[in-house]
Structure formats: C-alpha cells, structure tokens
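For the numbers below, each heavy atom of this structure counts, side chains included, while hydrogens, waters and symmetry mates do not.
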Amino acid sequence: MKAILVNEDKSLSWTDVPDPVITSDEVLVKIEAAALNRADLMQREGNYPPPPGCPQWMGLEIAGTVASMGENAKKYSSWKIGDKVCALLGGGGYAEAVAVKYDMLMPIPKGFSVVQAAAMPEAYATAYLNLFWEAKAKAGETLLMQAGASGLASVVIPMAKAFGMRVITTVRSEEDKAAIAHLGADAVLNTRITPLPEFLKAEAEDGRTVDVAIDCVGGSLMGQCLPYLSHGARWIMIASLAGALTEINLRTVFVKNIRIIGSTLRSRKPEVKAQLLAELCKNVWPLAESGKVCPTIYKTLPITRAEEAQDILYRGENVGKVVLTVE
C-alpha cells in the first residue's frame, strides 16, 4: 500500500510501504478520509514521535470501511466486514489502510459523510476529554476557548453550548470573527483589538468570570489572565503556540484555588482512550445525529496533496478542519 512519508528535507511523498498485518485484537480499515491536526506538523518536524508500535507516518483520525478482522476482534466486538467506521489512532492515518484495535473504532454518526466523520475522533475526543474529564465542566459555567478559528475550537464551542455552557472565544481578525459566527459562541474577542487580559478583567468586573479555559496558545499573556478567573477555575493547557513561557503569581493560584492542568490525548493509555471513545458514542454521537454538533470542514484535498494541506495549517488560514481523501 501507499502512505505519506516525511523525507530528509521535511518534504512529504506518497510512497510504497508494507501492508498492515493485523493482530487478533485488530481490525483492518480501508481508509477513505483522514483529517489533519497540529500534532501532525509537530511529528513532521521531529518533535512528536508516535507511541511505540504505531506506524511512523502521520495521521491521528480517519474514516473508512472495515476490510478484515482478527479472531478476537470478531469474538469480542460487534463490528463486521463492510461496516463504515471512524477511528482514533496513535499514528498511521495518512495511508491507504491501517490496523486498529477494535475498541478504537466508532460508528459514523447517521447522516454524516466519511469526510465529516474523519474530522471527529481526535477533535471530539480531545474536546470531551478536556471539557468533562479534566475540567469537569458543568452547565451554567463559562468556558474560554482560545483560538476560535481552529479545528478543535470548531468542535469544542458547539459541544460546550450543547451541554449548557456560556462560551467566550478568541480570534485574530474580523474575518475570522465572521467565519465562526455559526459556532454560536456567546462572545468572540478579536485579540488584535482588545488584549485578552483586558477583556477578562472587564468581564470579571461585571460579574462574569471564566470557570474553564482550554488553551492551545499559552505564551506570556496566559499568566496575566489568571487573576480574572472564578474561584476554583480550571485552566487546561493543551499546546503553546504563542510560546512555552509565562509568569504566574502563585498567590493568585492558591488564593483562588485555580487548577492549571496539562493535557494531551495521544499519550493516554489505550484502555483510557477506549473508555473515552465509549463515552463519546454514548453522550455526544446523539447530539451529532440531532444536528446540535457538527465538525466545520474548511477544505478537502486528495492525500497526494498532503503537503499543500499541511501548509494551510502552517499558515493558520483554516477555519475548521482540513481533510485528506483517499481514492
């Protein structure tokens, strides 16, 4: 089969690789679509290696068709050859096929295309993990979702709204502000006009403090935001696109009982991911099928144009998810 490999000069090529060989617990999925994530860019740069045992090529979420099954997968799961599925991977999604442990598969929500379904496993699992496992978010609380035009935000914002939260999000242009209006955030802040700490201070003075933050930006402004959070707030750090260093007044942290939590999905144990996916299917898939949550697809390209697709993420121009299709 073919897969996208990273060359020595960091360029990408659609290259022959060995066919996957499934174990007894695995299912072979013929890939029809694979979504991009910023973790793919980090892996391409050599900064985010796949977990042991995973293929070396990129790709964390896919959708396609079950092509064959190991004996335990047949025995202990309800999957059948020909089922349409989406899957969360440790790696290996930029390819024609992938071997997946049966409990990493999810059904494609009714009415969704393979392109939409491919944009769901990593993003939706990350959103659910950080909202409900890490932050223990509740209806009526206020969420700050950084980088509102990102693929993850396109999932987090409607999910949080569907579960009854008030949502603030940030963008860096008026064009992005207009582009994400359909997500339904209660407040969209252009940080090039108003700095985030200034906005949060004004919100706090009006009695609207933030209870939960999901932050993929980080940088020097992160520490400046903490004084304006609610007592017992949870600030979830998932990336540091604006820099890994900030200055924090520790008195603010313990006086306000603020929890700063570092979180990644890829590093979790397989059994933890399986539990997370089971909760997704139970609690979020019905919301998807009712139209309350749906991934925003920015652009779809054939997998042979993976380098062009990743350039969209490098430039930060996408509002929503970029998806590769596999013929």
Colleague: Can you tell me how far OG1 of Thr191 sits from CZ of Phe199, rounded to the nearest 0.5 angstrom?
Modeller: 11.5 Å
Colleague: If you measure from CG on Asp25 to OH on Tyr102, what distance do you get to the nearest 0.5 Å?
Modeller: 5.5 Å
Colleague: Can you confirm whether Tyr314 is buried at OH, in the sense that more than 12 heavy atoms of other residues, nucleotides or ligands lie under 6.0 Å from that atom?
Modeller: yes
Colleague: How many angstroms lie between CE in Met1 and NZ in Lys30, if you round to the nearest 0.5 Å?
Modeller: 12.0 Å
Colleague: Mind checking the CE-CD1 spacing from Met222 to Ile260? Nearest 0.5 Å is all I need.
Modeller: 4.0 Å
Colleague: Should Val155 and Val293 be marked as a side chain to side chain contact (heavy atoms under 4.5 Å, CB included) after you check the CA-CA gap, both sets of side-chain angles, and the distance that decides it?
Modeller: CA-CA 7 Å; Val155 170; Val293 296; over 6 Å; no
Colleague: State, with a plain yes or no, whether a side-chain heavy atom of Ser230 is found less than 4.5 Å away from one of Glu141.
Modeller: no
Colleague: Here's a test for you: under side chain to side chain donor-acceptor pair (under 3.5 Å), which of Glu61, Gln43, Glu122 qualifies with Asn37?
Modeller: Glu61
Colleague: Identify which one of Asn318, Leu36, Leu313 satisfies the side chain to side chain contact (heavy atoms under 4.5 Å, CB included) criterion when paired with Tyr298.
Modeller: Asn318
Colleague: Do Phe112 and Cys86 have side chains that get closer than 4.5 Å, going by heavy atoms?
Modeller: no
Colleague: Has the side chain of Arg266 got a donor or acceptor atom that lies under 3.5 Å from a matching backbone atom of Gly90?
Modeller: yes
Colleague: Would Lys201 and Glu198 pass as an ion pair if we require N to O under 4.0 Å?
Modeller: no
Colleague: For the pair Thr169 (side chain) and Met145 (backbone), establish whether a donor and an acceptor sit closer than 3.5 Å, ignoring hydrogens and angles.
Modeller: yes
Colleague: Any sub-3.5 Å donor-acceptor pair from Asp186's side-chain atoms to Val167's backbone N or O?
Modeller: yes
Colleague: Hey, are Asp103 and Lys273 close enough for a salt bridge, meaning a charged N less than 4.0 Å from a carboxylate O?
Modeller: no
Colleague: Run the numbers on Met159 and Leu287 for side chain to side chain contact (heavy atoms under 4.5 Å, CB included), then give the verdict.
Modeller: CA-CA 9 Å; Met159 187 182 294; Leu287 296 175; 5.7 Å; no
Colleague: Kindly work out whether a path of hydrophobic side-chain contacts (I/L/V/M/F/W/Y, heavy atoms less than 4.5 Å apart) joins Leu129 to Met165.
Modeller: yes
Colleague: State whether Arg44 and Glu307 are salt-bridged, where the test is any N-O pair (Lys NZ or Arg NE/NH1/NH2 against Asp/Glu carboxylate O) under 4.0 Å.
Modeller: yes
Colleague: Is there a path of hydrophobic side-chain contacts, each under 4.5 Å between heavy atoms of I, L, V, M, F, W or Y residues, that connects Leu88 with Val114?
Modeller: yes
